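Both counts, for ligands and for their atoms, begin at 1 and track the order of listing. Please read all numbers here as calculations on a predicted model, not as lab measurements.
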Amino acid sequence: MSSENSSAEGTQRVWDVVVVGAGPAGASAAYAAAVAGRSVLLLEKADLPRYKTCGGGIIGPSRDTLPPGFDLPFKDKVHAVTFSNNGRFTRTRRSRQMLFGLINRPEFDQQLVEHAQKAGAELRTGATVVRVEQHGAAVPDRRTVAVVLQGGETVLARAVVGADGSASRIGAHVGVKLDQVDLGLESEIPVPETVAEDWKGRVLIDWGPMPGSYGWVFPKGDTLTVGVISARGEGAATKRYLEDFVARLGLSGFEPSVSSGHLTRCRAEDSPLTRGRVLVCGDAAGLLEPWTREGISFALRSGRLAGEWAVRISEAHDAVDARRQALNYAFAIKAGLGVEMSVGRRMLKAFERRPGLFHAALTGFRPAWKAFTDITRGATTLGELIRSHPLAQRALTAFDR
Ligand SMILES: Cc1cc2nc3c(=O)[nH]c(=O)nc-3n(C[C@H](O)[C@H](O)[C@H](O)COP(=O)(O)OP(=O)(O)OC[C@H]3O[C@@H](n4cnc5c(N)ncnc54)[C@H](O)[C@@H]3O)c2cc1C
């Protein structure tokens with residue numbers, strides 16, 4: 001479906017949709033646009049598979065958004081959660097049903113990209129996008145966006161999806177505004193079989209010492225992913241929390257195979273999601289659950305919507321039509337993920353103030369544990385739960401005070 005465009009240098013291909021970044025958001029967007037029969041180019045700066053600092057927790061909404069036939073490469077399936085409050089009051093709760101699954105990101109992301117390719121998207125790795133231009137010499141007409149790569153090459157598209165993660169260049173072009181930035185630190189710790197066996201099917205969640213912080217152990221066969229997250233700006237304290245956490249768990253003696261850090265970002269409620277023929281999704285748009293910092297389902301869900309609306313933008317014949325389609329995308333995001341984020345923001349505020357109460361509720365109050373299991377399994381979302389349960393509404397309002 002891509003068109004040709006005459007320029008002074010000759011004829012340059014114009015893609016229907018160019019997607020920047022091949023994480024879950026970008027692969028999802030590329031899949032959605034390709035499956036609709038459009039020409040799609042997926043640009044990724046890294047070579048694939050690439051490492052991404054992430055716990056790799058796959059909750060129900062992530063699973064439900066995957067392309068048909070996608071076989072989740074689970075490293076473990078979680079049936080039990082051990083909760084502790086800064087190392088104390090430890091209690092394990094179990095469930096007969098699987099709560100959520102654990103994957104390794106390089107493998108998961110690679111598989112998503114392969115699905116997009118099978119649907120017809122073309123992948124180009126080692127391609128770093130430095131900027132997009134919607135006006136000026138590089139742009140042949142008003143229906144086209146120029147995507148400029150490092151080295152100076154320009155790629156043309158009718159619509160662009162920015163899915164380039166938390167340091168997004170496309171997000172800067174769109175003017176994404178943030179109201180929460182956190183720092184996540186993680187170690188991949190290979191452990192002996194006896195230790196791995198002890199963690200099989202069970203994760204640990206520890207409410208941390210800094211307001212809003214928490215830590216986790218996610219087992220993945222012979223390796224444990226151990227991480228902590230806290231508000232940015234407390235780098236030294238966050239690092240100390242991870243060290244103490246690892247020591248407390250008796251894991252200091254094992255050498256991590258990878259230790260890394262990454263920022264997570266949550267958009268401000270009035271942050272733009274589009275500019276002209278450019279849309280942003282996933283971390284690039286600041287779409288992330290503010291309390292748990294769960295981002296894979298946000299990336300997959302917003303990526304899919306971005307791919308679908310990018311198709312419509314690519315077909316728009318003038319700026320007014322393109323704008324209408326872009327606004328529809330923004331509306332779809334705000335009505336779904338936006339609502340979940342606003343409940344998540346309230347949860348985080350309440351959790352920052354009273355982590356002990358959250359801990360007591362999850363470990364000692366059946367409905368709170370049930371809500372946790374329903375959300376992780378995908379039977380409901382935080383937003384739905386608060387909307388439909390007067391008790392949950394009252395509890396959150398009480399926490400708010
Ligand atoms: C410590 C930590 C733990 C987490 N744990 C979980 C978890 O257990 N479960 C969960 O759901 N979420 C988790 N998250 C959040 C989750 O990792 C992100 O929300 C998710 O990766 C967002 O996906 P994305 O596709 O938007 O961005 P990314 O996965 O970051 O992908 C962006 C891609 O764009 C590429 N790129 C960047 N810049 C350019 C450029 N200029 N040109 C071309 N390509 C570019 C990058 O190389 C990358 O491949 C965690 C985050 C952190 C920091």
As an exercise, state the distance from CD of E308 to OH of Y31, rounded to the nearest 0.5 Å. 10.5 Å
Here the atoms of ligand 1 under 4.0 Å from any heavy atom belonging to R293 are 12 (N), 13 (C), 14 (N), 15 (C)
Kindly check if the number of other-residue, nucleotide or ligand heavy atoms within 6.0 Å of OH (Y51) is above 12? yes
Row check, F351 ring normal vs R354 NZ/CZ: under 6.0 Å, within 45°: no
Examine R312 relative to W309 and say whether NZ or CZ is less than 6.0 Å from the centre of the six-membered ring and inside a 45° cone about the ring axis. yes
In terms of atom number and element, which parts of ligand 1 are under 4.0 angstrom from non-hydrogen atoms of F218? 8 (O)
Lys/Arg-Asp/Glu bridge criterion (N-O < 4.0 Å) met for R124, E122: no
Check ligand 1 against A127 and write out every atom of the ligand that is under 4.0 Å from a heavy-atom position of the residue. 42 (N), 43 (C)
Protein residue, atom and distance nearest to atom 13 (C) of ligand 1, heavy-atom basis: C54 SG, 3.5 Å
Among all the protein's non-hydrogen atoms, which is closest to atom 12 (N) of ligand 1, and how far away is it? G295 N, 2.9 Å
Starting from atom 51 (C) of ligand 1, what is the nearest protein heavy atom, named by residue and atom, and what distance separates them? T264 CG2, 3.7 Å
What protein heavy atom sits nearest atom 5 (N) of ligand 1, and how far away is it? G55 N, 2.8 Å
Could you find the nearest protein heavy atom to atom 49 (O) of ligand 1 and give me its residue, atom name and distance? E44 OE1, 2.7 Å
Straight-line distance of L249 CG to D244 CG, nearest 0.5 Å: 10.5 Å
Check this for me, if you would: do D270 and K177 make a salt bridge, where the nitrogen-to-carboxylate-oxygen distance has to be below 4.0 angstrom? yes
Which ligand 1 atoms does G282 reach within 4.0 Å, using its non-hydrogen atoms? 26 (O)
Test side chain to side chain contact (heavy atoms under 4.5 Å, CB included) applied to S230 and L183, step by step: CA-CA 6 Å; S230 185; L183 170 65; over 6 Å; no
With a cut-off of 4.0 Å, which atoms of ligand 1 are near a heavy atom of G165? 27 (O), 30 (O), 32 (C)
Just go through V113, D283, I296 and tell me whose heavy atom is the nearest to atom 11 (O) of ligand 1. I296
For atom 44 (N) of ligand 1, what is the nearest protein heavy atom, given as residue, atom name and distance? K45 N, 3.1 Å
Within the 4.0 Å heavy-atom shell around D164, which atoms of ligand 1 are there? 32 (C), 34 (O), 36 (N), 37 (C), 38 (N), 39 (C), 45 (C)
Counting heavy atoms only, which of G57, A163, G126, G21 comes nearest to atom 32 (C) of ligand 1? A163
Look at atom 52 (C) of ligand 1 and say which protein heavy atom is nearest, naming residue and atom and giving the distance to 0.1 Å. T53 O, 3.6 Å
Around atom 40 (C) of ligand 1, find the nearest protein heavy atom and jot down its residue, atom name and distance. V129 N, 3.7 Å
Taking only heavy atoms of L288 into account, list the atoms of ligand 1 that are under 4.0 Å away from them. 19 (O)
Provide the number and element of each atom of ligand 1 under 4.0 Å from a heavy atom of R50. 29 (O), 31 (O), 48 (C), 49 (O)
Reported CD-to-CZ distance for the pair E289 and R345, which is rounded to 0.5 angstrom: 10.0 Å
Calculate, to the nearest 0.5 Å, the distance between atoms CZ and OG1 belonging to R105 and T225 respectively. 11.5 Å
Do the charged groups of K52 and D109 touch, with an N to O distance under 4.0 Å? no
